[in-house]
Amino acid sequence: MNEAVITGKQIVGNFIEFTCTCAEVAQHAVPGQFVMVSVSPTLDPFLNRPLGILWAKDDSFALLFEVVGRGTSLLACLEKGDTLPVLGPLGNGYSLDASSALLLAGGRGVVTLHFLARRFKELGIPVSMLCGVRDSSEIMLERYIIECESGLRLFCCEEGVRGLFQGTVVDALEEYAALHPLAPETVIYTCGPEGMLRELAMHPLLEKRRVEVSLEALMGCGFGVCMSCARKSTEGYMHICSEGPVCALSEVTW
Ligand SMILES: Cc1cc2nc3c(=O)[nH]c(=O)nc-3n(C[C@H](O)[C@H](O)[C@H](O)COP(=O)(O)OP(=O)(O)OC[C@H]3O[C@@H](n4cnc5c(N)ncnc54)[C@H](O)[C@@H]3O)c2cc1C
Ligand code: FES
């Protein structure tokens, strides 16, 4: 475990953003990777929790997590100056060889895609980003959408909110593709809830396209030993922590 020091904390609705200092994580992290975070100094809860990396630069990195249960509630109590034991960066990352990219984020799936969009922007690769949330309690996630000069951004909400596109990310994709037909070379990157990913996997617009997805699973170790993150794929079973979390959408069995 590395000892990261929390240097900033922001409460963003039901989400908490921590900025941390830890050269070992920050200097090696690539978009799509995650860290296993210890949520308690005691053995209760016993398991570390996986969290994606929001960005990394020099000796700093950031996490953005939704408070959903015991572990994330304990994490949310930490303050600036506290130490956060983290293991990582773990897993693979998104490929960075696209000549243009379209990023589709659902809810907290925005975390790793925010990091990817920042990296594409640095590399001068045109990137467009569509991000969707379920209801108005999550609209503050809009601040994590990145756009570069040549790309487009669209934030949508399933609940009607004035000024926002109403619908799911899949609805937004259809609207977007009607106005800006997807170039054959555009690579699609996605992360979000299972329902959204399943719909995308079956969507005719993405058929025969290169689509990379970052998957979530319940995780015990985070590095390929405990088998708790096994998921059926077209190749048999994959361990999301060590063979993922990023893989081709077409490899996933729904
Ligand atoms: C590779 C990876 C990256 C992740 N990145 C982020 C991130 O950047 N930000 C973020 O907010 N969350 C992220 N998650 C999800 C996060 O790990 C869980 O929300 C967290 O572990 C819940 O811990 P808890 O103790 O608060 O909740 P628990 O009490 O353990 O669970 C609360 C509820 O959340 C569900 N849950 C717990 N873990 C997961 C999971 N891995 N996938 C789906 N449902 C789960 C449980 O079934 C339960 O219904 C990521 C998960 C993975 C595998
Ligand atoms: S979390 Fe232990 S093998 Fe993947």
Side-chain angles (χ1 to χ4, degrees), residues 4 9-20 25 29-40 42-56 61-78 84-94 103 105-118 131 133-134 137-138 140-141 143-144 189-198 212-233 236-247 252 254:
K9 176 179 180 180
Q10 271 195 72
I11 299 171
V12 190
N14 195 36
F15 285 75
I16 307 279
E17 181 183 332
F18 283 150
T19 307
C20 304
V25 172
V30 295
Q33 286 189 302
F34 64 98
V35 285
M36 292 298 282
V37 179
S38 164
V39 294
S40 161
T42 70
L43 291 180
D44 178 29
F46 182 64
L47 295 176
N48 297 326
R49 300 296 195 262
L51 292 178
I53 297 170
L54 180 68
W55 55 260
F61 71 98
L63 302 173
L64 175 70
F65 61 92
E66 189 175 5
V67 181
V68 292
R70 181 126 183 276
T72 45
S73 301
L74 285 167
L75 268 185
C77 297
L78 296 179
L84 187 63
V86 292
L87 189 66
L90 298 167
N92 60 4
Y94 296 106
L103 279 46
R108 67 188 186 215
V110 76
V111 173
T112 55
L113 293 177
H114 173 87
F115 191 8
L116 182 65
R118 284 168 80 122
C131 177
V133 294
R134 275 212 182 97
S137 69
E138 292 183 323
M140 65 292 157
L141 290 180
R143 70 172 75 172
Y144 297 101
Y189 298 86
T190 186
C191 185
E194 282 279 309
M196 167 189 144
L197 300 179
R198 197 183 312 113
E212 292 186 18
V213 60
S214 177
L215 296 169
E216 280 194 13
L218 294 173
M219 288 187 179
C221 65
F223 47 85
V225 172
C226 72
M227 317 265 165
S228 65
C229 66
R231 175 160 187 163
K232 212 165 177 203
S233 78
Y237 278 90
M238 69 181 281
H239 292 114
I240 291 180
C241 66
S242 52
E243 293 159 79
V246 178
C247 66
V252 184
W254 301 98

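This is a predicted model, so every value here is computed, not measured. Counting convention: from 1, in listed order, for ligands and their atoms alike.
- In this structure a side-chain-to-backbone donor-acceptor pair under 3.5 Å is present from Q33 to V30.
- Each of the following atoms of ligand 2 lies closer than 4.0 Å to a heavy atom of M219: 1 (S).
- The distance from atom 2 (Fe) of ligand 2 to the nearest N/O/S atom of C229 is not under 2.8 Å.
- No side-chain heavy atom of P89 sits under 4.5 Å from any side-chain heavy atom of F61.
- Against a heavy-atom cut-off of under 4.0 Å, L51 is close to the following atoms of ligand 1: 4 (C), 5 (N), 6 (C), 7 (C), 9 (N), 10 (C), 12 (N), 13 (C).
- Polar contact with ligand 1: absent for F65 (N/O pair, distance under 3.5 Å).
- Residue G220 has at least one heavy-atom neighbour below 4.0 Å for each of these atoms of ligand 2: 1 (S).
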For this session: Could you walk me through whether Y94 and T112 pass the side chain to side chain donor-acceptor pair (under 3.5 Å) test, one step at a time?
Result: CA-CA 9 Å; Y94 296 106; T112 55; 2.9 Å; yes
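- Interatomic distance, CG of L113 versus OG1 of T190, reported as 6.5 Å (0.5 Å rounding).
- Shown in contact with G224 at under 4.0 Å from a heavy atom are these atoms of ligand 2, numbered in order with element: 3 (S).
- Put simply, the side chain of V246 does not reach to within 4.5 Å of the side chain of V213, judged on heavy atoms.
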For this session: Report the C-alpha distance between R49 and E66 in whole Å, list the side-chain angles of each, state the deciding distance to 0.1 Å, and finish with yes or no for salt bridge (charged side-chain N to carboxylate O under 4.0 Å, His left out).
Result: CA-CA 12 Å; R49 300 296 195 262; E66 189 175 5; over 6 Å; no
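- Considering only non-hydrogen protein atoms, atom 21 (O) of ligand 1 sits nearest to R49 CD, 3.3 Å.
- Counting only non-hydrogen atoms, the option in G71, P193, P50 that gets closest to atom 52 (C) of ligand 1 is P50.
- When distances from atom 29 (O) of ligand 1 to the protein are checked, a heavy atom turns up under 4.0 Å.
- Remark: among candidates V111, T72, I240, the nearest residue to atom 20 (C) of ligand 1 is T72, based on non-hydrogen atoms.
- For atom 46 (C) of ligand 1, the nearest protein heavy atom is 4.0 Å or more away.
- Under the 4.5 Å side-chain criterion, counting only non-hydrogen atoms from C-beta, F223 is in contact with L87.
- At a 4.0 Å heavy-atom cut-off, ligand 1 touches A217 through the backbone alone.
- Below 3.5 Å of separation, one finds an N or O of E216 facing an N or O of ligand 1.
- Among protein heavy atoms, the minimum distance from atom 3 (S) of ligand 2 is reached at M227 N, 3.1 Å.
- Shown here, atom 35 (C) of ligand 1 is out of close reach of the protein: none of its heavy atoms lies under 4.0 Å off.
- One distance of note links CG of L51 with OG1 of T72; it measures 8.5 Å at 0.5 Å rounding.
- In this structure, N14 contributes its side chain and V67 its backbone to a donor-acceptor pair below 3.5 Å.
- Looking only at protein heavy atoms, the nearest one to atom 27 (O) of ligand 1 is G69 CA, 3.5 Å.
- Counting only heavy atoms from C-beta outward, the side chains of V86 and V25 approach each other to under 4.5 Å.
- Counting protein heavy atoms only, atom 32 (C) of ligand 1 is closest to V68 O, 3.7 Å.
- Taking only nitrogen or oxygen atoms, main chain and side chain alike, M219 does not reach within less than 3.5 Å of ligand 1.
- A distance below 6.0 Å separates the ring centres of F65 and F18.
- Close approach of ligand 1 to E66 (heavy-atom distance below 4.0 Å) involves ligand atoms 10 (C), 11 (O).
- At least one N/O/S atom of C226, whether from backbone or side chain, sits less than 2.8 Å from atom 2 (Fe) of ligand 2.
- The shortest N/O to N/O separation between G52 and ligand 1 falls below 3.5 Å.
- Atom numbering of ligand 2 starts at 1 in the shown order; those under 4.0 Å from a heavy atom of S228 are 1 (S).
- Using a 4.5 Å heavy-atom cutoff, the side chains of R134 and P193 are in contact.
- Atom 49 (O) of ligand 1 lies below 4.0 Å from none of the non-hydrogen atoms of the protein.
- At a 4.0 Å heavy-atom cut-off, ligand 2 does not touch I240 at all.
- The nearest protein heavy atom to atom 13 (C) of ligand 1 is closer than 4.0 Å.
- Of the protein's heavy atoms, none falls inside 4.0 Å of atom 18 (C) of ligand 1.
- Here the heavy atom of the protein found nearest to atom 39 (C) of ligand 1 is L218 CD2, 3.5 Å.
- Remark: minimum distance from atom 1 (S) of ligand 2 to any protein heavy atom is reached at G222 N, 3.2 Å.
- Only the side chain of R108 comes within 4.0 Å of ligand 1, judged by heavy-atom distances.
- Taking the side chain as every heavy atom from C-beta outward, V111 and E17 never approach each other to under 4.5 Å.
- Put simply, the side chain of L75 does not reach to within 4.5 Å of the side chain of I16, judged on heavy atoms.
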Exercise. Between R108 and E138, does a salt bridge (charged side-chain N to carboxylate O under 4.0 Å, His left out) hold up when you go through it step by step?
Worked result: CA-CA 9 Å; R108 67 188 186 215; E138 292 183 323; over 6 Å; no
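- For a threshold of 3.5 Å applied to N or O pairs, the pair formed by L64 and ligand 1 contains at least one separation below that value.
- Paired with H239 under the rule side chain to side chain contact (heavy atoms under 4.5 Å, CB included), one option of S228, C229, C221 passes, and it is C229.
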For this session: Decide side chain to side chain contact (heavy atoms under 4.5 Å, CB included) for L63 and L54; before the verdict, give the C-alpha distance in whole Å, the side-chain angles of both, and the deciding distance to 0.1 Å.
Result: CA-CA 5 Å; L63 302 173; L54 180 68; 5.9 Å; no
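- Side-chain contact check for F15 versus Q10: every heavy-atom pair is 4.5 Å or farther apart.
- For ligand 2, the atoms sitting less than 4.0 Å from at least one non-hydrogen atom of C221 are 1 (S), 2 (Fe), 3 (S), numbered in the order shown with element in parentheses.
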